[in-house]
Amino acid sequence: MRPRRSVLAVPGSSTKMIEKAKGLPADAVFLDLEDAVAPAAKADARANVIAGLNSPGWGDQIRVVRVNDWTTEWTYADVIAVVQGAGANIDAILLPKVTSAAQVIALDLLLTQLEKADGLPVGRIGIEPQIENALGLRNIDEIATAGPRVQTLVFGPADFMASINMRTLVVGEQPEGYDTGDAYHHILMTILLAARAHGLQAIDGPYLQIRDVDAFRRAAGRTAALGFDGKWVLHPSQIDAANEIFRPRQSDYDHAELILDAYEFHTSVAGGARGAVMLGDEMIDEASAKMARVIAAKGRAAGLARTQTFTPPAD
Ligand code: GLV
Ligand code: MG
């Protein structure tokens, strides 16, 4: 799967910001028809998004459209408009406030009809369910497995905090008075576990204090450490930070590649066909190789080059 370390949120109502997004180094960009667009501006935003997707200037960003959620009157028309208008230039639809597999399946069916009608390859456009309320979190496994189009699980912290009545208005920061741990741990871990259980990417949501890049780095660093694949960015200043934080450190990447080489050598017949072997002072086995494969794959996808090579021990 392509990396989604930084996922840039762009209001569909702003042609200027859509134009600017094309040249920014985010791994993914989503053009928003939902909460960043006022109700009166929804129809115009659809036209902006279609024009933006079809006009030149994009790099190799993953291009996503966030439609309105299925409880509104806008969802079907959003999907029909953007897929008929720019389907070949859309990689995925971000579906907010998902509460059940049925909502993912409804989108899947609609996408299939539109792809067939427009001669687009059936099944190419992915679905990214956004988990933003208690019911969505309780039903996360059925949502994650609602069909092969599902590519990621995306956390929506602002809506989520509102949905559970969490007593803070600062997204990503701990609610005052809760001093015994991380108030988000259960939610984040549930999303991460569902993503890993079903082979999807786990994406953290926005950090709203856009001028405080250090605070963004701390928030992103926490979910990156947990195992998340990427995070939303709301401003160009957050993009480089996200790309760096969700890419493995060079030393970890080098170490992972060394583990893989050493493991391959020692498990081969020429290397003695052993399962648990030494790399320097470290004992490695199949489980170490599994961890190393994850880091190596992320490093390679992010374009890291190794700076150390493995030399088989002389005996
Ligand atoms: C994003 O959609 C959020 O609710 O945080
Ligand atoms: Mg939301």
Side-chain angles (χ1 to χ4, degrees), residues 4 6-14 17 21 26 28-39 41-42 45 49 62 64-72 74-75 78 92-100 103-104 107 127-140 143 150-175 182-192 194-195 200-210 212 215-216 218-220 222-224 226 228-235 238-239 242:
R4 285 177 168 87
S6 49
V7 177
L8 179 66
V10 180
S13 47
S14 168
M17 286 167 93
V29 172
F30 80 85
L31 306 182
D32 196 11
L33 296 175
E34 202 220 15
D35 284 356
V37 178
K42 299 269 185 203
V49 165
I62 299 173
V64 180
V65 177
R66 180 164 76 166
V67 297
N68 289 279
D69 82 87
W70 277 123
T71 65
T72 69
W74 297 301
T75 321
D78 287 344
I93 299 289
L94 177 56
L95 186 63
K97 302 181 180 65
V98 174
T99 52
S100 66
Q103 295 189 332
V104 177
L107 177 57
I127 297 178
E128 307 197 15
Q130 203 181 353
I131 305 298
E132 307 202 75
N133 50 46
L135 194 53
L137 197 71
R138 297 304 286 262
N139 291 335
I140 196 162
I143 291 167
V150 178
Q151 299 176 345
T152 67
L153 294 172
V154 181
F155 182 35
D159 275 301
F160 204 104
M161 287 157 60
S163 120
I164 62 170
N165 297 357
M166 194 183 270
R167 272 209 308 208
T168 171
L169 286 172
V170 187
V171 170
E173 298 299 347
Q174 302 299 317
D182 176 3
Y184 301 92
H185 185 75
H186 171 76
I187 307 165
L188 291 169
M189 205 51 155
T190 304
I191 293 173
L192 180 63
L200 309 173
Q201 289 184 332
I203 308 299
D204 189 14
Y207 188 79
L208 305 181
Q209 316 295 317
I210 56 172
D212 193 345
F216 173 84
R218 279 197 299 280
R222 281 197 289 271
T223 42
L226 213 52
F228 271 66
D229 298 288
K231 182 170 176 63
W232 282 14
V233 292
L234 303 181
H235 188 264
Q238 296 179 335
I239 297 177

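The figures here come from the full heavy-atom set of this structure, side chains too, leaving out hydrogens, waters and symmetry mates. Start at 1 with the first residue, then count along the sequence. As the structure lists them, so they are numbered: ligands from 1, and atoms in each ligand from 1.
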**Report entry** atom 1 (C) of ligand 1 - nearest protein heavy atom and its distance
**Finding:** Gln130 NE2, 3.3 Å
Query raised in the report: Is there a heavy atom in Phe155 that sits closer than 4.0 Å to ligand 1?
Result: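 No, that is not the case, since the closest heavy atom of the residue is not under 4.0 Å from the ligand.
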Report task. Would you give the length of the straight line joining atom CE of Met166 to atom OH of Tyr184, rounded to the nearest 0.5 angstrom? Result -> 5.0 Å
Query raised in the report: Is the closest heavy-atom distance from Met161 to ligand 1 below 4.0 Å?
Result: no
Query raised in the report: Is ligand 1 under 4.0 Å from a heavy atom in the side chain of Arg66, in the backbone, in both, or in neither?
Result: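 Contact part for Arg66 vs ligand 1: side chain (C-beta onward).
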Requested in this report: With rounding to the nearest 0.5 Å, note down the distance linking CZ in Arg138 to OG1 in Thr190.
Outcome: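 It comes to 9.5 Å.
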Query - Mutual orientation of the aromatic rings belonging to Phe30 and Trp232 [parallel < 30°, tilted 30-60°, perpendicular > 60°] - result: tilted
Report task. Grab the two heavy atoms, one from Ser100 and one from Ile143, that are nearest each other, plus how far apart they are. Result -> C-CG1, 3.7 Å
Query raised in the report: Which atoms form the tightest heavy-atom contact between Val98 and Gln103, and what is the distance?
Result: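 Shortest heavy-atom separation between Val98 and Gln103 comes out as CA-OE1, 3.3 Å.
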Query raised in the report: Which one holds for Pro206 and ligand 1: side chain close, backbone close, both close, or neither close, with close meaning a heavy atom under 4.0 Å?
Result: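 It is the side chain that gets close, since no backbone atom is under 4.0 Å.
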Requested in this report: May I ask you to check whether Asp159 brings an N, O or S atom to under 2.8 Å from the Mg ion (ligand 2)?
Outcome: yes
**Report entry** the Mg ion (ligand 2) - closest N/O/S atom in Glu132
**Finding:** OE1
Report task. Measure the spacing between CG of Leu31 and CG of Leu94 and express it to the nearest 0.5 Å. Result ->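 Spacing of CG (Leu31) from CG (Leu94) equals 11.0 Å.
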Query - Donor-acceptor contact below 3.5 Å, side chain Gln201 vs main chain Gln151 - result: no
Query - Short N/O/S contact of Asp35 with the Mg ion (ligand 2) (below 2.8 Å) - result: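 So Asp35 does not bind the Mg ion (ligand 2) by this criterion.
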Query raised in the report: Does a salt bridge link Asp229 with Arg4, judged by any charged N lying under 4.0 Å from a carboxylate O?
Result: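 Not counted as a salt bridge, because no side-chain N and carboxylate O are separated by less than 4.0 Å.
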Query - Whether Gly205 lies under 4.0 Å from ligand 1, heavy atom - result: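 No, that is not the case, since the closest heavy atom of the residue is not under 4.0 Å from the ligand.
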Query - Sub-3.5 Å N/O-N/O distance, Ala158 and ligand 1 - result: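 For ligand 1, there is an N or O atom that lies under 3.5 Å from one belonging to Ala158.
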Report task. Pick out which of Thr72, Asp35, Asn68 makes a side chain to side chain donor-acceptor pair (under 3.5 Å) with Lys97. Result ->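 With Lys97 as partner, Thr72, Asp35, Asn68 yield a single side chain to side chain donor-acceptor pair (under 3.5 Å), made by Asp35.
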Requested in this report: Report yes if some N/O of Trp232 lies less than 3.5 Å from some N/O of ligand 1; otherwise report no.
Outcome: no
Query raised in the report: Applying a 4.0 Å heavy-atom criterion (strictly less than), which segment of Glu34 is in contact with ligand 1: side chain, backbone, both, or neither?
Result: neither
Query raised in the report: Which ligand 1 atoms, with their elements, are less than 4.0 angstrom from a heavy-atom of Gly156?
Result: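 It comes down to these atoms of ligand 1: 1 (C), 3 (C), 4 (O), 5 (O).
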